[in-house]
Chemist: 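Questions regarding the structure given below will be posed in turn.
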Amino acid sequence: MITISLDQGPAKHLENGVTAGQALKELGVPEDRRVVAARVNGVSVDLDSVLEGDCAISPIRVDTPEGLETMRHSASHVMAEAVKSLFPGVKFAIGPAIESGFYYDFDVPEPFNPEDLEKIEARMGKLIARDLPFIREEVDREEAIRRFREQGETYKVELLEELPLPRVSLYRQGDFIDLCRGPHIPSTGYIGAVKLTGISGAYWRGDERNPMLQRLYGTAFSTPEELARHLELLEEAKRRDHRRLGRELGLFSIEDEAGPGLVIYHPKGAILRSLIEDFERREHLKRGYQMVMGPQILKADLWQRSGHMDNYRDLMYFCEVEGQTYGIKPMNCVAHMLIYKSKVRSYRELPMRLFELGTVLRHERSGVLHGLTRVRQFTQDDAHILCTPEQVESEIAGVLDFVSEVMAIFGFEYEVELSTRPEKSIGTDTEWELATNALINALKTRNLPFAVCAGEGAFYGPKIDVKLKDALQRRWQCATIQCDFTLPERFDLTYVGADGGRHRPVMLHRVILGSLERFMGVLVEHFAGAFPVWLAPVQAILLPITDRVHAYAREVAAALLDANLRVEVDERPETLRYKIREAQLQKIPYMIIMGDREAAQGTLAPRLRDGTEWKDMPLEAFKARLQEESRIPSPKK
Ligand SMILES: [Zn+2]
Ligand SMILES: [Zn+2]
């Protein structure tokens, strides 16, 4: 007999050799197809795995991230089985669960096409209906190599040859066998709903010197309703895709001719960008930051001194000028160090907050570039705070307040993560403790809940990351607050303290919105292109019905432009219907249709995006309204 206890629940004496599933039942966990696996002494196992010795057990349900992952990974095996039965001669690589589904990489003679996807999905449906059990078998590694080699599964053989284990586990369902650690759901019928979502090419092990494989993506949920909701969200995300909207709204383009990851701002995008920049300057000046600007290129020796040559060289671009090597800046810190160092500093000057809308270049691999959210040239709302050790905590709290106000202005919720000391790090224990405690205390005084990412800090200091949540509940990195022990050392920064002695200042790097490019991409998707009036590149468009009112339209436009409002007149000889349609597609907040009646009365009939209309509105009243709505909203707490 062995003693098996349920997590924080009853314990029972059961026969040695009982399965995990039986033990859960004995311990009173109701039999339920939402239980897909079990955790035994902290390790995830199949429900039919045999328990030997005393242990603690708990069910893994499909409505937890781990349970869902187990089901999706099982679905990838079912997809592989379907592919095996439909495409003879296919070789199997790997098939993991990923964030919102799963994939499997196949070596097939012909690339898959969309019709193949439908066939594979239909076959998976049949395999799921047959409710085939997943059966685990443990064999010697040599035996597994022999079996897979016999079947010509060269990728599996390669994986096995690198596994430093004497024995490995295989999983079989139907006539498909895979090398797999498990665990799996008990049988294929536990998959509630499945959908194949895409095809792409993928090099074996991500290395372009290896063969190109075909990667099939899919997702699975425990009920058809959950799958339907997920697919709706995907559709919605596609509808809001900033790359498509960016083109349609005339915001930006990224051209092959110019190079990947290099953003070209078109007129509407340039306006949006400068609105955000104006906002940034105002908000920073208000909070005691000083504006500075550094050069785009700095001598390589300086990058050596800052440590960037050792740690960021692969991400940097270089150029030669008069026999001297320069590095194009991947970060804005270095020039700020030189500003601090330009004269003897007193403790009375601290905290010193140097702010720059700094444009940086980083050589990201072309494979990871994506619209505005991952680019090679971008501008950060970057600041460096130099302060005394006593000031660190209140400075961090000030940055947290800044973040909270800015997020409220744009209407974003956000989450906070604290990353602590990694294994490889510089700085003394005292420094790390001081900095980490300052971050924690600041978070606590602001009542901000935070997740701890243990050991995920940079080697030169701990940090806080802020992830904003957009309208589709997706998380995006925005603000970071980073303590740095290296740069003040490397640049030998000092200040004269109240005691007359020289001291080392503490340095914080921080951004609020982060990359303005990424933030704009997020804004476009969050608002689905329908920006609030204060951010809209064009706030109102005037649509004269006949040539007779063109003069009146220009007069109105001039008055609005003069009041710093952003308006356009559509005088093209198109039908009104066409112009209205176009203004709607451009998602312009106000459309103002003008006929003889308005011209004669000197009034306006503005129409909102939601269809609301006003008749006979005096120009002054409309102007006042638009001016009011153009103001930056005050942060609501
Ligand atoms: Zn597997
Ligand atoms: Zn920095």
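Whatever order the structure lists them in is the order used to number ligands and atoms, beginning at 1. No experiment lies behind these values; they were computed from the predicted model shown.
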Chemist: Can a side-chain donor-acceptor contact be found between D178 and Y104 if the only test is distance below 3.5 angstrom?
Modeler: yes
Chemist: Does a donor on one side chain and an acceptor on the other come within less than 3.5 Å for S404 and R446?
Modeler: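 No pair is found: no donor N or O on one side chain lies under 3.5 Å from an acceptor on the other.
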Chemist: Do the side-chain N and O atoms of E66 and S44 include a donor-acceptor pair separated by under 3.5 angstrom?
Modeler: yes
Chemist: Suppose you place the vertex at the Zn ion (ligand 1); what is the angle out to C180 SG and H77 NE2, to 10°?
Modeler: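 Once rounded, the angle between the two atoms at the Zn ion (ligand 1) is 120°.
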Chemist: Between R421 and S425, does any side-chain donor sit less than 3.5 Å from a side-chain acceptor?
Modeler: yes
Chemist: Taking backbone and side chain together, does H184 place any N/O/S atom at a distance below 2.8 Å from the Zn ion (ligand 1)?
Modeler: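 Checking H184: none of its N, O or S atoms is under 2.8 Å.
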Chemist: Taking the Zn ion (ligand 2) as the centre, count the protein N/O/S atoms lying under 2.8 Å from it.
Modeler: 3
Chemist: Are K463 and D465 within salt-bridge range, i.e. N to O under 4.0 Å?
Modeler: yes
Chemist: Please determine if R518 and D381 form a salt bridge, counting it only when a charged side-chain N lies under 4.0 Å from a carboxylate O.
Modeler: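 Salt bridge: no.
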Chemist: Taking only distance into account, with no hydrogens and no angle test, what donor-acceptor pairs under 3.5 Å do side-chain atoms of residues 309-319 form with protein atoms, sequence neighbours excluded?
Modeler:
unit_1: N311; atom_1: ND2; unit_2: G307; atom_2: O; d: 3.0

